[in-house]
S.K.: 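My structure is below; once you've seen it, I'll send some questions.
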Amino acid sequence: MAKLIDVEERDLDFIFGKNKPYKLDVYQRDYRWSDTKDYKIVSQLLWDIELRFENNLKFNKRTNKVDLKSISKDVGENFKAYFLNTIMLNEQDGDIFIVDGQQRLTTILLTLIKLYHIGQVNSDAVIVNIEKILGEKIYEEDKAGEKHFKISNKDRNEIIKKIFYQEDINEDDKKNITQHNLVANYDIISKYFEKYFVAKDNKFDAVKFNYYIYNLTEKVLIIEQVIKNKEDVAMIFETANDRGKTLESHEVLKGMLLGVLEGQVKEDCNTIWNEALSTFFDRDQNYKNVDEFFRTYFRAKYADNRSQYDTFAGKYHRNLLSNDKIIKDLDRTNPSKIESFINNEFQYFYKVFIEILKMAKEESNIWLGSNYANERGQQVLLMLSALKYNDTEKKEKIELVAKRVDQMFTLAKLTGVYDNNAQQQYYHTINKEIRGKSLAEIDTIFTDLIVKHFQKEGLPISSYSDIFHYKHFYAAKNDARFTKYILARIDYYLSGILNEQSFAKQESLWTIIRSGNKPVNGFHTEHMFAFNDKIEKQFTDDKGEKDEKLFITERNRLGAVILLKGNENIRVSNWVYKKKKKSYANSGFIWNRILTDSINKASLKNCTDDIKDKFKGYLPNDKGLLERDSIEERQELLFEIIKKIYA
């Protein structure tokens, strides 16, 4: 049987001593190694090599001679090796491609460059021939004197060149994560070695430097695996990187798809893919949303139920081997299908995905912003499901799906039938039902499923319009973050119809909902009816005695709660309404100004929405209190505004 792979044990002298630079195939990922808070992978590599080297100096060094020949002989005969790991290579048309292992090889290249720089600075000492031993490991020089670095890729050549020639590198030079990490890791390596070869007398330790160079090049070993046939590269790459924590799913997916392409088609598709990665990186400064995009896209197009949805939770790329629909659509035995996918669906949908995230975060569409604030992330799934490639109804579908998702969540909360698990299950059903459907069909599907969902949760309705009866909203009560959301959402609406300023327009819904831990700049709920004996006496039972249970229930109804910014709710905590009224009027929220009858008269006059006719302001009674009846009246007004927004 013909061998798939040749395997040999190699030292760095051999690995970096080849007379051709290593190239990176198109499906190779970026240079991702970096020291993080949790794991300092670059530093750890240096420490591991140092540990074995220091043990060699301590236990295996056999000569006190300091000439280079003696040091080289001592290292070669007596020092024990350090195993760095494996690399996987493939030779195509005379070029050597790294299939796996470019992270460690790139880091070693940066290490060699730093050692080369140290050798240049200390050239007056008796040290190894850095041009021969290090320079020839770092670059190849052509007949014109042009240096070509041992790992060659257009994405990194300029940065490595600047590092090698110690030229200034500014932020504009670092256009992606590879270039960023090359600079950052060289800095880590540089700081490490600047200290490492300094002796106790603060002088350069030339003997230690020479030992280290020989040890690094001759005793750091790598298992070199050479794939014999290029036709096997994609398969072996996929298998080798589908275990452990080596690659992200989108990186393996790239290898699975682009690995079946050839020539210029492969290069063109790689360009499209890398442009996508750059777009994600420019937006987020990381690639986390790349996997989130693919996971969401495949679920939107291929998950028909919860079970199928869950198969995309982890290594979603495996579905290319197990999901019959994906196998058919992305048939890797038919490269033209892969080319078509990358040129069409991939380009279109990743851009739509980013557009949706941007609109949601920036609240350029209030429905998307509402779902973002309430962490209704499934809106993106349903939007991608609804959309077709180059969909002429894109804008309308995105808004419709966002609106219906917000309705489903908000109305369930207000009517007391919200169940997160139940809604998640309905999202799976909706995802399947609206896939590629028209705008009108999507609207009908949502309406039918919302009604079924609410019926199943116990709301006695027979149609969507039946939801909007006050009896279903009567008991709506304070509900932590959701209360902040619905009050801010109401103020957003009021700001629009009255053309008045509100914090709901000046701040994002996300900020208003999630800033409760910020006493000065955060937003907090305020109970209009505080724990105050005068206030509590308004809530009595049939015998005329104070009813504490009734008081708690009533003060927690939505109509008895408002939003305030900063620590104002603490400052006015248990005051009576007469003392609070001015603070409410100046609070920056229109809903509070309606309460205090402080809406600008011109704004009311110019408002064309008939909801203004139901506005009612309240004066304190002769005891300085807000009358208890205001709760019910405010609850009813809230319901009327909610109908305007959601019906």
S.K.: Can you tell me if Y464 and Q407 form a side-chain donor-acceptor pair at under 3.5 Å?
M.R.: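 There is such a pair between these side chains.
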
S.K.: Taking K174 for the side chain and V183 for the main chain, is one N or O donor matched with an acceptor at less than 3.5 Å?
M.R.: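 Absent.
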
S.K.: Quick one about Y316 and N323 (side-chain donor to acceptor, distance below 3.5 Å, no hydrogens or angles considered), yes or no?
M.R.: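 On atom types as modelled, these side chains do not qualify, holding no pair under 3.5 Å.
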
S.K.: Among side-chain atoms of S249 and D291, is any donor-acceptor pair under 3.5 angstrom?
M.R.: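 Checked: S249/D291 side chains show no N/O donor-acceptor pair below 3.5 Å.
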
S.K.: Verify salt bridge (charged side-chain N to carboxylate O under 4.0 Å, His left out) between K288 and E248, making sure each step is shown before the conclusion.
M.R.: CA-CA 9 Å; K288 291 180 181 178; E248 302 295 339; over 6 Å; no

S.K.: Quick check against the 3.5 Å criterion: does D479 have a side-chain atom that pairs as donor or acceptor with the backbone of K477?
M.R.: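 No, because the side chain of D479 does not come within donor-acceptor range (under 3.5 Å) of the backbone of K477.
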
S.K.: Taking side chain as C-beta onward, heavy atoms only, is I512 less than 4.5 Å from Y485?
M.R.: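 Answer no - side chains too far apart.
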
S.K.: Kindly compute the distance separating CG (D609) from CD1 (I497), expressed to the nearest 0.5 Å.
M.R.: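 One gets 4.0 Å once the value is rounded to the nearest 0.5 Å.
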
S.K.: Keeping D443 on the side-chain end and L439 on the backbone end, is there a donor-acceptor pair under 3.5 Å?
M.R.: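 Such a contact is absent between D443 side chain and L439 backbone.
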
S.K.: Any chance the rings of H250 and F294 have centres within less than 6.0 Å?
M.R.: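 Not under 6.0 Å, so no.
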
S.K.: Please answer whether the main-chain N or O of K437 pairs with a side-chain N or O of K397 as donor and acceptor at a distance below 3.5 Å.
M.R.: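 Judged by distance alone, yes, a pair lies under 3.5 Å.
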
S.K.: Would you check if the distance from the ring center of F353 to the ring center of Y297 is below 6.0 Å?
M.R.: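 So the answer is no for these two rings.
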
S.K.: Taking all non-hydrogen atoms of both residues into account, name the closest pair between N305 and Q308 and its distance.
M.R.: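 Nearest heavy atoms, N305 then Q308: OD1-N, 2.8 Å.
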
S.K.: Can you confirm whether more than 12 heavy atoms, excluding those of K644, are under 6.0 Å from its NZ atom?
M.R.: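 Atom NZ in K644 is crowded, with more than 12 foreign heavy atoms closer than 6.0 Å.
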
S.K.: Is there a donor-acceptor contact under 3.5 Å from the side chain of N289 to the main chain of E292?
M.R.: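 No; judged by distance alone, with no hydrogens or angles, the pair does not exist.
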
S.K.: Are I467 and I450 packed together at the side-chain level, in the sense that at least one heavy-atom pair is separated by less than 4.5 angstrom?
M.R.: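 Sidechains of I450 and I467: in contact.
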
S.K.: Could you tell me whether E275 and K351 make a salt bridge, using a distance below 4.0 angstrom between a side-chain N and a carboxylate O?
M.R.: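 No, no charged N to carboxylate O under 4.0 Å.
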
S.K.: If you take all heavy atoms of Q379 and L368, which pair is closest and at what distance?
M.R.: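 Between these two residues, the closest heavy atoms are NE2-O, 3.3 Å.
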
S.K.: Minimum heavy-atom separation for S495 and K505, please, with both atom names.
M.R.: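 In this case the closest contact between S495 and K505 is OG-CG, 3.3 Å.
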
S.K.: Check whether any side-chain heavy atom of T296 lies under 4.5 Å from a side-chain heavy atom of F349, and answer yes or no.
M.R.: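 SC-SC contact between T296 and F349 ruled out.
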
S.K.: Ring centres under 6.0 Å, that's the criterion: do W273 and Y287 meet it?
M.R.: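 Distance test on ring centres: not under 6.0 Å, no.
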
S.K.: State whether the side chain of D35 and the backbone N or O of I41 hold a donor-acceptor pair below 3.5 Å, judged by distance alone.
M.R.: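 Judged by distance alone, yes, a pair lies under 3.5 Å.
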
S.K.: So how far is it from N334 CG to E339 CD, rounded to the nearest 0.5 Å?
M.R.: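 Nearest 0.5 Å value for the CG-CD distance: 10.0 Å.
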
S.K.: List the steps, then state whether side-chain hydrogen bond (donor to acceptor under 3.5 Å, both in side chains) holds for N274 with K254.
M.R.: CA-CA 10 Å; N274 287 339; K254 181 181 181 182; 3.1 Å; yes

S.K.: State whether the number of non-hydrogen atoms from other residues, nucleotides or ligands found under 6.0 Å of N499 atom CG is greater than 12.
M.R.: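 No - once you tally the heavy atoms of other residues, nucleotides and ligands closer than 6.0 Å, there are 12 at most.
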
S.K.: Pick from Y389, F341, F293: which one makes a ring-ring contact (aromatic ring centres under 6.0 Å, His included) with Y348?
M.R.: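 One option only clears the test, and that one is Y389.
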
S.K.: Assign the ring pair F473 / F468 to parallel, tilted or perpendicular, where the plane angle (0 to 90°) is split at 30° and 60°.
M.R.: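 Rings of F473 and F468: parallel, as their planes differ by under 30°.
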
S.K.: With a 3.5 Å distance limit and no angle check, can you tell me whether D391 reaches the backbone of E393 through a side-chain donor-acceptor pair?
M.R.: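 Yes, because the side chain of D391 sits within donor-acceptor range (under 3.5 Å) of the backbone of E393.
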
S.K.: For K612, does the NZ atom have more than 12 heavy-atom neighbours from other residues, nucleotides or ligands under 6.0 Å away?
M.R.: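 Buried by this count: over 12 neighbours within 6.0 Å.
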
S.K.: Are side-chain N/O atoms of N153 and Y31 paired as donor and acceptor at under 3.5 Å?
M.R.: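 On atom types as modelled, these side chains do not qualify, holding no pair under 3.5 Å.
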
S.K.: Only one of L320, L384, N319 forms a side-chain contact (heavy atoms from CB on, under 4.5 Å) with F298, so which one is it?
M.R.: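 It is L320, the one option of L320, L384, N319 that forms the side-chain contact (heavy atoms from CB on, under 4.5 Å) with F298.
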
S.K.: Run the side-chain contact (heavy atoms from CB on, under 4.5 Å) check on L595 and Y584 step by step: do they pass?
M.R.: CA-CA 8 Å; L595 170 72; Y584 287 179; 3.6 Å; yes

S.K.: Is E355 salt-bridged to K358, cutoff N-O under 4.0 Å?
M.R.: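 Salt bridge flag = no for K358 with E355.
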
S.K.: Might you point out which heavy atoms bring L261 and K266 nearest each other, and give the distance in Å?
M.R.: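 That would be O-CD, 3.4 Å.
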
S.K.: Take F281 and V290 through the test side-chain contact (heavy atoms from CB on, under 4.5 Å) and record every step on the way to the result.
M.R.: CA-CA 9 Å; F281 185 80; V290 178; over 6 Å; no

S.K.: Just wondering, do I486 and K413 contact through their side chains at under 4.5 Å, heavy atoms?
M.R.: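 No, every pair of side-chain atoms sits at 4.5 Å or beyond.
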
S.K.: Does the side chain of R306 come within less than 4.5 Å of D310's, by heavy atoms?
M.R.: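 In contact.
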
S.K.: If you count heavy atoms of other groups shown closer than 6.0 angstrom to NZ of K361, is the number above 12?
M.R.: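 Counting other residues, nucleotides and ligands, NZ of K361 stays at 12 neighbours or fewer.
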
S.K.: Regarding T311 and R318, do their side chains bring together a donor and an acceptor under 3.5 Å, going by distance alone?
M.R.: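 Result is no, nothing qualifies.
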
S.K.: Under 3.5 Å, side chain of N431 to main-chain N/O of A303, donor-acceptor pair present?
M.R.: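 Indeed, once roles are kept as given, a pair shorter than 3.5 Å links the two residues.
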
S.K.: Quick check: does any side chain N or O of H527 sit under 3.5 Å from a backbone N or O of A560, one acting as donor and the other as acceptor?
M.R.: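 Not confirmed, H527 side chain does not pair with A560 backbone.
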
S.K.: What verdict does the side-chain contact (heavy atoms from CB on, under 4.5 Å) test give for I342 and L258, after you've listed the backbone C-alpha separation in whole Å, the side-chain angles of each residue and the deciding distance to 0.1 Å?
M.R.: CA-CA 9 Å; I342 292 173; L258 272 64; 3.3 Å; yes

S.K.: Start with the C-alpha distance between Y427 and L382, add both sets of side-chain angles, then the distance that settles side-chain contact (heavy atoms from CB on, under 4.5 Å), and finish with yes or no.
M.R.: CA-CA 8 Å; Y427 288 148; L382 301 181; 4.0 Å; yes

S.K.: Which word best sums up how the rings of H469 and H472 line up, parallel for under 30°, tilted for 30 to 60°, or perpendicular for over 60°?
M.R.: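 Correct class here is perpendicular.
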
S.K.: Does NZ in K432 sit with more than 12 non-hydrogen atoms of other residues, nucleotides or ligands closer than 6.0 Å?
M.R.: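 Result for NZ/K432: open.
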
S.K.: If you look at every heavy atom in F589 and A504, which pair is closest and at what distance?
M.R.: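 That closest heavy-atom pairing would be CE2-N, 4.1 Å.
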
S.K.: Given side chains that start at C-beta, do those of I461 and Q455 come closer than 4.5 Å, heavy atoms only?
M.R.: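 They are in contact (side-chain heavy atoms under 4.5 Å apart), so the answer is yes.
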
S.K.: Are R593 and E500 close enough for a salt bridge, meaning some N to O gap below 4.0 Å?
M.R.: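 Looking at R593 and E500, the cut-off is met.
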
S.K.: Salt bridge check: are E251 and R32 linked by an N-O gap of less than 4.0 Å?
M.R.: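 Counted as a salt bridge, because a side-chain N and a carboxylate O are separated by less than 4.0 Å.
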
S.K.: What verdict does the side-chain hydrogen bond (donor to acceptor under 3.5 Å, both in side chains) test give for D30 and N176, after you've listed the backbone C-alpha separation in whole Å, the side-chain angles of each residue and the deciding distance to 0.1 Å?
M.R.: CA-CA 9 Å; D30 296 308; N176 55 46; 5.6 Å; no

S.K.: With F409 as reference, evaluate W367, F454, F482 under the ring-ring contact (aromatic ring centres under 6.0 Å, His included) test and give the passing residue.
M.R.: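 It is F482; the other options fail the test.
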
S.K.: So, Q423 side chain and M408 main chain: donor-acceptor pair closer than 3.5 Å or not?
M.R.: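 Here the side-chain-to-backbone pair exists.
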
S.K.: Do the side-chain N and O atoms of T410 and R489 include a donor-acceptor pair separated by under 3.5 angstrom?
M.R.: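 T410 vs R489: no donor-acceptor pair found between side chains.
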
S.K.: Would you please say whether a donor-acceptor pair under 3.5 Å links the side chains of Y492 and S502?
M.R.: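 No, no side-chain donor-acceptor contact under 3.5 Å.
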
S.K.: Does Y474 reach the side chain of Q635, with side-chain heavy atoms less than 4.5 Å apart?
M.R.: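 They are not in side-chain contact.
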
S.K.: Mind checking whether E640 and I611 have side chains closer than 4.5 Å, heavy atoms only?
M.R.: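 In contact.
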
S.K.: Using the side-chain hydrogen bond (donor to acceptor under 3.5 Å, both in side chains) rule, pick out the option among R299, H428, K325 that qualifies with D304.
M.R.: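 Only one option passes, and that is K325.
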
